[in-house]
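Written below as structure tokens is the structure these notes are about.
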Amino acid sequence: MLTDEVPELAGVDEEDAILERDAALRALEVLTDAERTLLSRAYFRGMTAREISEADSIPLGTVKTRLRAAMIKLRRANLDKERP
Amino acid sequence: MNCLAVREHLPEHAMSLLTSRERSAVDRHLATCAACRKEAEDLAEASALLGRTAPLVEPPAGLPDEIVASVHRSMAKQPATRRRMRVTAVAASLAAVIAVAGLGWGAVMADRADEAEERADRADRARQTAIATEQLLRDRFISGPRDVLSSATLAAQDGGPGGGWAFVLTRQGQADLTLMRAFDLPADVAMPLRVWLTDGAQVRVLVGRVRELDSERGFEQAEQTGVDLGSVAMAVVKDAEGHAVLAGEITPDGD
């Protein structure tokens, strides 16, 4: 399972977890406020694309496109940090 | 599903936001399509990064070392589930206390007492956990007369099995906190469940979504929210079809 193979905290001590968290937070900095808000609503509040589209009265397809764009941008930012 | 339809679902797939049916359809496609699989892996990386931004979780102080270690182990074993990651440090330390109580439940289950006795035990455990949780909330988080702790006993609707409790802590100048524990829900309940707090009229706050039941056929929810929960009067757990499964009236606890 793709999403189940990322045991962030498994086998790492606390210091590693803190470093990983700092790196992730730095990657987040490349996103715009709107992108961060969107990801936070989906990831931390568990809102589906449909719920976001209904709440904001914007088309479902637009929400999905923005979600993907923000996620890809975040991943890219993290890769760039690892290999400057 | 073809590639186009699958791609549309992949961001939500990575964040575990799909229904189980959608998820299976996507997974079936991914098993045979390397291009979509690559996209899914990239998005899963992004999702994992989001998980890492969550506050680090510390078990509450004063627990016996052995229990702290077992909480650590259970959390390390668990993949980056959103539920675990979304809880904030404060809420997570409370969830850890509940998890510790859950260890006791495991022992009860291992004995395989008959069903009725198990249920009675679970209910009793839930009650004890609720009492301990309330004490902890009072001791740690109530610092002034404007901080109010309310609670609800959740009762099964439609004569089904199940029960639970909820606490709502409203604080001045700080995020409000909700904690909920449910158990013994019907085996055929339509997932995912949604947990709502409402004032019965205008205010309706979704405080959580539950995708899977735990071994007690229940769930824990711990959530800090920026929404002012001062006016909520009811806690309601609804199934995927919108039927109320559990509900209870929220009343301020007397001192």
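To find a chain, count down the sequence lines: A is the first, B the second, and so on, and within it residues start at 1. It should be emphasised that the depicted structure is a prediction, and the values quoted were computed from it without experimental measurement.
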Electrostatic pair B:Glu39-A:Arg68, nearest N-O below 4.0 angstrom: yes

Derivation of the side-chain contact (heavy atoms from CB on, under 4.5 Å) call for B:Glu45 and A:Met71: CA-CA 9 Å; B:Glu45 271 180 43; A:Met71 291 174 81; over 6 Å; no

From A:Leu25, A:Asn78, A:Leu28, A:Leu39, residue fulfilling side-chain contact (heavy atoms from CB on, under 4.5 Å) relative to B:Leu49: A:Asn78

Chi angles and distances behind the side-chain contact (heavy atoms from CB on, under 4.5 Å) call for B:Arg209, A:Glu51: CA-CA 13 Å; B:Arg209 186 194 314 266; A:Glu51 286 167 341; 2.7 Å; yes

Verdict with reasoning, B:Leu43 to A:Arg75, per side-chain contact (heavy atoms from CB on, under 4.5 Å): CA-CA 8 Å; B:Leu43 291 169; A:Arg75 172 178 175 272; over 6 Å; no

Which pairs of donor and acceptor atoms, one on a side chain in residues 54-62 of chain A, lie under 3.5 Å apart (sequence neighbours left out)?
from    : atom 1 : to      : atom 2 : distance (Å)
A:Asp56 : OD1    : A:Arg41 : NH2    : 3.1
A:Asp56 : OD2    : A:Arg41 : NH1    : 2.8

B:Glu12 side-chain N/O to A:Ala49 backbone N/O, donor-acceptor pair under 3.5 Å: yes

